[in-house]
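For the single chain, residues carry numbers from 1 onward in sequence order.
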Amino acid sequence: MTATLRPHDLLWLRAQDALEEVTESWVAEIWHAGLPVVVRRDVEQNGRIPVGVRGLRRDQRAAGWVKPEQVIRVVSPEQLVTLQELPRSPFISQPPVQLALQLAQFTWPWTWGVTGSTGYALATGIPVIHATSDLDLLIRAPKPLPTRDLAHWQQQLSGGLCRADTQVETPNGGFALAEWLRDGRVMLKTNHGPCLVSDPWQREDS
């Protein structure tokens, strides 16, 4: 596997034993190679990929590691929100997918996608979302983005279809858009842990 992997990418693995250093007992009972794992943030260890495993319940989340050669398929959050894919989803009637479809009608000056339970459902067809599910969104931001455009995006989420949260991904880590627009400072999630910054692109610890 030679592609650059990023947090929130979904990975399908070759075999059941491709997951390493997972200690939660439920993983062996529930997870199999037909289900994706998700890239998470952590310090790289011997070239391995840090991943998370999703269970059937909200409290079932496990951390593990995967060797790159064990990855056979990658789906990014942005691949899930095309105007071709969204309307074909079996979950199109669910509020989170409806809101994602509304966002897809606009031309935004960035790449964006869906993560969390909605992204997992869109990628797998497994019904892990329902009428009261949240929508977790991701904006790719390799360079600083205009506050006016980000505020417009945030306004589109306030229509009441469902609760929606946006994570903005910079080269230094990810941050919550609502928090940044509100406070002008934000907790930046990095591979080495969170840090409070005023400019997520400069990572000036404050």
Side-chain angles (χ1 to χ4, degrees), residues 5-12 35-41 51-62 73-142 145-170 173-183 186-189 194 200:
L5 299 175
R6 299 175 290 186
H8 307 289
D9 283 348
L10 292 169
L11 313 181
W12 278 258
L35 299 174
V37 295
V38 62
V39 179
R40 61 181 176 84
R41 299 184 201 282
V51 298
V53 186
R54 185 186 191 95
L56 299 177
R57 304 195 311 264
R58 289 180 65 91
D59 63 326
Q60 288 181 324
R61 301 291 185 269
R73 182 186 175 208
V74 180
V75 173
S76 67
E78 48 266 47
Q79 287 177 277
L80 301 171
V81 295
T82 68
L83 283 174
Q84 293 74 38
E85 291 297 322
L86 281 174
R88 293 203 295 257
S89 169
F91 310 112
I92 187 61
S93 63
Q94 297 288 2
V97 182
Q98 282 287 307
L99 181 53
L101 186 59
Q102 285 187 15
L103 291 169
Q105 310 295 322
F106 292 86
T107 300
W108 300 101
W110 50 66
T111 301
W112 68 279
V114 173
T115 64
S117 59
T118 302
Y120 192 88
L122 289 172
T124 64
I126 298 172
V128 292
I129 57 172
H130 44 77
T132 59
S133 293
D134 297 347
L135 176 62
D136 295 308
L137 297 155
L138 176 73
I139 289 176
R140 301 286 188 194
L145 297 173
T147 302
R148 181 181 62 181
D149 292 338
L150 290 170
H152 179 222
W153 168 276
Q154 190 71 7
Q155 185 180 24
Q156 299 305 312
L157 305 182
S158 61
L161 271 175
C162 68
R163 175 182 167 84
D165 294 301
T166 303
Q167 184 92 353
V168 181
E169 286 287 320
T170 78
F175 66 90
L177 176 59
E179 181 184 348
W180 192 60
L181 290 174
R182 183 186 69 235
D183 301 334
V186 76
M187 195 64 69
L188 187 70
K189 299 176 183 177

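- Note that OG1 of Thr166 and CG of Leu157 are 5.0 Å apart. Values are rounded to the nearest 0.5 Å.
- Sorted by first and then second residue, the salt bridge (Lys or Arg N to Asp or Glu O under 4.0 Å) pairs involving residues 80-91 (not counting sequence neighbours) are Glu85-Arg88.
- Checked against salt bridge (charged side-chain N to carboxylate O under 4.0 Å, His left out), Arg6 has the following partners two or more places apart in sequence or in another chain: Glu78.
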Starting from the C-alpha separation in whole Å, work towards a yes-or-no answer on side-chain contact (heavy atoms from CB on, under 4.5 Å) for Trp180 and Val168. CA-CA 10 Å; Trp180 192 60; Val168 181; over 6 Å; no
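- Looking only at side-chain heavy atoms (C-beta outward), Leu122 and Leu86 come within less than 4.5 Å of each other.
- In terms of the side chain to side chain donor-acceptor pair (under 3.5 Å) criterion, residue partners of Thr132 (sequence neighbours excluded) are, by chain and number, His130.
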Determine whether Thr170 and Leu188 satisfy the following criterion, side-chain contact (heavy atoms from CB on, under 4.5 Å), listing intermediate values before the conclusion. CA-CA 9 Å; Thr170 78; Leu188 187 70; 4.3 Å; yes
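- Interatomic distance, OG1 of Thr124 versus CG of Leu10, reported as 8.5 Å (0.5 Å rounding).
- Listed here is the closest heavy atom pair of Phe91 and Ala121: CE1-O, 3.4 Å.
- The CZ atom of Arg61 lies 4.0 Å from the CZ atom of Arg54; values are rounded to the nearest 0.5 Å.
- When all heavy atoms of Gln79 and Ser76 are compared, the pair lying nearest together is OE1-N, 2.7 Å.
- Qualifying side chain to side chain contact (heavy atoms under 4.5 Å, CB included) partners for Ala62, counting only residues two or more places apart in sequence or in other chains: Val22, Glu24, Trp26, Val27, Val53.
- Using the six-membered ring where Trp is involved, Trp108 and Trp153 have ring planes that are perpendicular, over 60° apart on the 30 and 60° scheme.
- Between Gly173 and Arg41, the shortest heavy-atom distance links the atoms CA-NH1, 4.0 Å.
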I'd like to know whether Lys189 forms a side-chain contact (heavy atoms from CB on, under 4.5 Å) with Glu169, so could you lay out the CA-CA distance, the side-chain angles of the two residues, the decisive distance to 0.1 Å, and finally the verdict. CA-CA 9 Å; Lys189 299 176 183 177; Glu169 286 287 320; over 6 Å; no
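- Here salt bridge (Lys or Arg N to Asp or Glu O under 4.0 Å) pairs that include residues 111-135, with residues two or more places apart or in two chains, are Asp134-Arg163.
- When side chains are defined from C-beta on, Pro77 counts as touching Arg140, because their heavy atoms get closer than 4.5 Å.
- Checked against side chain to side chain donor-acceptor pair (under 3.5 Å), Trp110 has no partners two or more places apart in sequence or in another chain.
- Shown here for Ala151 and Leu181, the closest heavy-atom pair between the two residues is CA-CD1, 4.2 Å.
- Side-chain atoms of Val75 and Pro36, non-hydrogen and from C-beta on, never get closer than 4.5 Å to each other.
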Got a list of side-chain donor-acceptor pairs under 3.5 Å for residues 94-106, not counting sequence neighbours?
| unit_1 | atom_1 | unit_2 | atom_2 | d |
| --- | --- | --- | --- | --- |
| Gln94 | OE1 | Ala131 | N | 3.3 |
| Gln98 | NE2 | Ile92 | O | 2.7 |
| Gln105 | NE2 | Leu101 | O | 3.1 |

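- Pairs of residues two or more places apart, or lying in two chains, never qualify as side chain to side chain donor-acceptor pair (under 3.5 Å) while including a residue from residues 112-121.
- Residues in residues 173-182 take part in no salt bridge (Lys or Arg N to Asp or Glu O under 4.0 Å) pair, two or more places apart or across chains.
- Leu137 places a side-chain heavy atom less than 4.5 Å from the side chain of Val114.
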